[in-house]
Amino acid sequence: MSETRIALVTGANKGIGYAIATGLGALGYRVGVGARDEARLETAVEKLRAGGVNAFGVPLDVTSARSVTEAAALIERQAGRLDVLVNNAGISGEVGPGWVQDPTTLDLDVVRTVVETNVIGVIRVTNAMLPLLRRSASPRIVNVSSGVASLTRQADPDIEIGPVMAAYAPSKSFLNAVTVQYARQLADTDILINAACPGLVATDFTGFQGPRTPEQGAATAIRLATLPDGGPTGSFFEDDGVIPW
């Protein structure tokens with residue numbers, strides 16, 4: 001089996017996911033670029049390859065069981081195992097003026113849609129990739145979360161945490177909770193799983209509002225994806241260290 005380490009990054013055709021793929025590629029990883037839109041996927045893979053990254057496309061809709069199963073089969077054929085899974089794909093859901101999701105008027109279908117991608121999609125992909133990850137000597141899973149997932153920060157009136165987002169923020173809190181459950185279940189294995197906060201990054205996800213570049217936003221996820229054996233698991237990190245739950 002090839003000694004080249006294999007990574008899959010979901011939602012990697014643009015923004016933070018693309019920056020994570022670029023960063024892992026620069027470290028010598030062969031990177032599976034996961035994305036729903038096949039045209040954008042092809043463009044991203046071509047761009048990554050032009051930049052020297054050993055990239056291959058993985059058509060992947062995290063909300064589709066069939067798509068996820070086919071993605072796992074593709075990686076099996078392409079590489080035979082998986083060393084790193086970065087669950088980056090995510091959505092905010094419909095927002096009102098000022099990016100507000102008012103819990104008192106929130107459309108429940110928006111909540112369902114957000115949770116389907118941000119939480120259930122992560123579980124679906126992770127479980128499909130686990131057999132491949134178990135073949136790795138040092139498997140790593142990174143769930144891209146958000147600072148708004150922190151209940152400690154959300155509940156502190158002295159901390160500026162952004163607008164009320166009653167679908168998106170709880171979905172990331174849910175994702176963090178799921179991350180902890182995976183860490184507990186996998187505690188007796190070599191798999192390390194953590195959540196990463198990229199900060200407020202200027203991408204199309206945020207309407208290009210934010211002080212951080214995609215490369216800055218990708219840094220914590222890349223660090224967690226490349227943790228040494230015996231590193232932390234079941235924790236929530238940003239650039240400056242651990243984020244309170």
Side-chain angles (χ1 to χ4, degrees), residues 1-12 16-35 45 48-49 51-60 62 68-89 121-145 175-176 178-198 218-239 241-242:
M1 191 176 293
S2 170
E3 293 301 315
T4 300
R5 291 178 63 78
I6 311 299
L8 170 65
V9 184
T10 70
I16 296 168
Y18 182 87
I20 294 170
T22 302
L24 290 174
L27 294 174
Y29 284 71
R30 186 178 183 212
V31 183
V33 180
V45 169
L48 285 163
R49 287 175 176 170
V53 175
N54 184 357
F56 64 97
V58 182
L60 179 56
V62 304
V68 171
T69 298
E70 290 176 350
L74 187 153
I75 294 169
E76 167 83 51
R77 294 192 303 271
Q78 286 274 349
R81 74 170 192 281
L82 190 62
D83 299 291
V84 169
L85 169 62
V86 181
N87 287 306
N88 168 74
V122 169
I123 296 171
R124 182 180 288 118
V125 172
T126 300
N127 289 352
M129 301 301 163
L130 271 174
L132 295 168
L133 286 160
R134 291 183 190 277
R135 298 177 189 173
S136 171
S138 300
R140 305 290 179 258
I141 303 172
V142 182
N143 293 334
V144 177
S145 184
L175 175 62
N176 284 0
V178 167
T179 302
V180 172
Q181 298 308 306
Y182 272 107
R184 294 180 64 207
Q185 184 64 34
L186 299 170
D188 294 331
T189 75
D190 295 323
I191 299 174
L192 303 181
I193 178 168
N194 293 285
C197 168
T220 296
I222 293 170
R223 178 170 63 85
L224 295 175
T226 57
L227 284 172
D229 292 344
T233 191
S235 294
F236 183 22
F237 292 94
E238 61 185 356
D239 287 353
V242 175

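Only this structure's heavy atoms are used, side chains among them; waters, hydrogens and symmetry mates stay out. These figures come from a predicted structure and were not determined experimentally.
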Chemist: Is atom CZ of Arg184 surrounded by more than 12 heavy atoms (other residues, nucleotides or ligands) closer than 6.0 Å?
Modeler: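 For Arg184, atom CZ is not crowded (no more than 12 foreign heavy atoms under 6.0 Å).
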Chemist: Verify side chain to side chain contact (heavy atoms under 4.5 Å, CB included) between Leu24 and Thr226, making sure each step is shown before the conclusion.
Modeler: CA-CA 9 Å; Leu24 290 174; Thr226 57; 4.1 Å; yes
Chemist: Answer with yes or no whether the side chains of Asn176 and Ser145 bring together a donor and an acceptor at under 3.5 Å.
Modeler: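 Checked: Ser145/Asn176 side chains pair up, N/O donor to acceptor below 3.5 Å.
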Chemist: State the CZ-CG distance between Arg30 and Leu8, to the nearest 0.5 angstrom.
Modeler: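 Arg30 atom CZ to Leu8 atom CG measures 12.0 Å (nearest 0.5 Å).
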Chemist: Is there side-chain contact between Val31 and Val9, with heavy atoms separated by less than 4.5 Å?
Modeler: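 Heavy-atom side-chain distance check passes, below 4.5 Å.
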Chemist: Please check: side-chain N/O of Asn194 versus main-chain N/O of Pro232, any donor-acceptor pairing under 3.5 Å?
Modeler: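 Confirmed, Asn194 side chain pairs with Pro232 backbone.
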Chemist: Say whether, by atom type as modelled, one donor and one acceptor occur between the side chain of Arg135 and the main chain of Gly80 under 3.5 angstrom.
Modeler: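 Yes, the answer is positive, given that a donor and an acceptor are paired below the 3.5 Å cut-off.
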Chemist: Under the criterion side chain to side chain contact (heavy atoms under 4.5 Å, CB included), which of Thr126, Leu82, Leu192 is the partner of Ile141?
Modeler: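 Exactly one pass, corresponding to Thr126.
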Chemist: Is any side-chain heavy atom of Ile222 less than 4.5 Å from a side-chain heavy atom of Leu27?
Modeler: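 Side-chain contact under 4.5 Å: yes.
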Chemist: Do Ile123 and Val178 come within less than 4.5 Å of each other through their side chains, counting heavy atoms only?
Modeler: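 They are in side-chain contact.
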Chemist: Just by distance, do the side chain of Arg5 and the backbone of Ser138 share a donor-acceptor pair under 3.5 Å?
Modeler: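 Looks like yes, one N/O pair under 3.5 Å.
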Chemist: Who passes side chain to side chain donor-acceptor pair (under 3.5 Å) against Ser136, sequence neighbours left out?
Modeler: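 Per chain and number, Ser136 pairs via side chain to side chain donor-acceptor pair (under 3.5 Å) with Asp83.
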Chemist: Just wondering, do Phe236 and Val180 contact through their side chains at under 4.5 Å, heavy atoms?
Modeler: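 SC-SC contact between Val180 and Phe236 ruled out.
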Chemist: Test side chain to side chain contact (heavy atoms under 4.5 Å, CB included) on Val142 and Ile20; report intermediate values, then the result.
Modeler: CA-CA 11 Å; Val142 182; Ile20 294 170; over 6 Å; no
Chemist: Check whether any side-chain heavy atom of Val84 lies under 4.5 Å from a side-chain heavy atom of Pro139, and answer yes or no.
Modeler: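 Side chain of Val84 against side chain of Pro139, heavy atoms only: no contact under 4.5 Å found.
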Chemist: Test of understanding: with side chain to side chain donor-acceptor pair (under 3.5 Å), list the residues that count as partners of Gln185, not counting sequence neighbours.
Modeler: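 Once residues adjacent in sequence are excluded, Gln185 has no partner under the side chain to side chain donor-acceptor pair (under 3.5 Å) criterion.
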Chemist: Is there side-chain contact between Val58 and Val33, with heavy atoms separated by less than 4.5 Å?
Modeler: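 The answer is no, as the side chains (C-beta and beyond) never meet within the 4.5 Å cut-off.
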Chemist: Is it the case that the side chain of Thr189 and the backbone of Leu186 share a donor-acceptor pair, with hydrogens and angles ignored and the cut-off at 3.5 Å?
Modeler: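 Yes: the side chain of Thr189 pairs with the backbone of Leu186.
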Chemist: Classify the side-chain pair Asn127/Tyr182 by whether it contains a donor and acceptor separated by less than 3.5 Å.
Modeler: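 Their side chains do contain a donor-acceptor pair, which is all the 3.5 Å distance test asks for.
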Chemist: So, Asn88 versus Thr10: side-chain donor-acceptor pair below 3.5 Å or not?
Modeler: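 Side chains of Asn88 and Thr10: no pair found under 3.5 Å.
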Chemist: Could you check whether Asp190 pairs with Arg140 (Lys NZ or Arg NE/NH1/NH2 to Asp/Glu carboxylate O, under 4.0 Å)?
Modeler: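 Salt bridge absent between Asp190 and Arg140.
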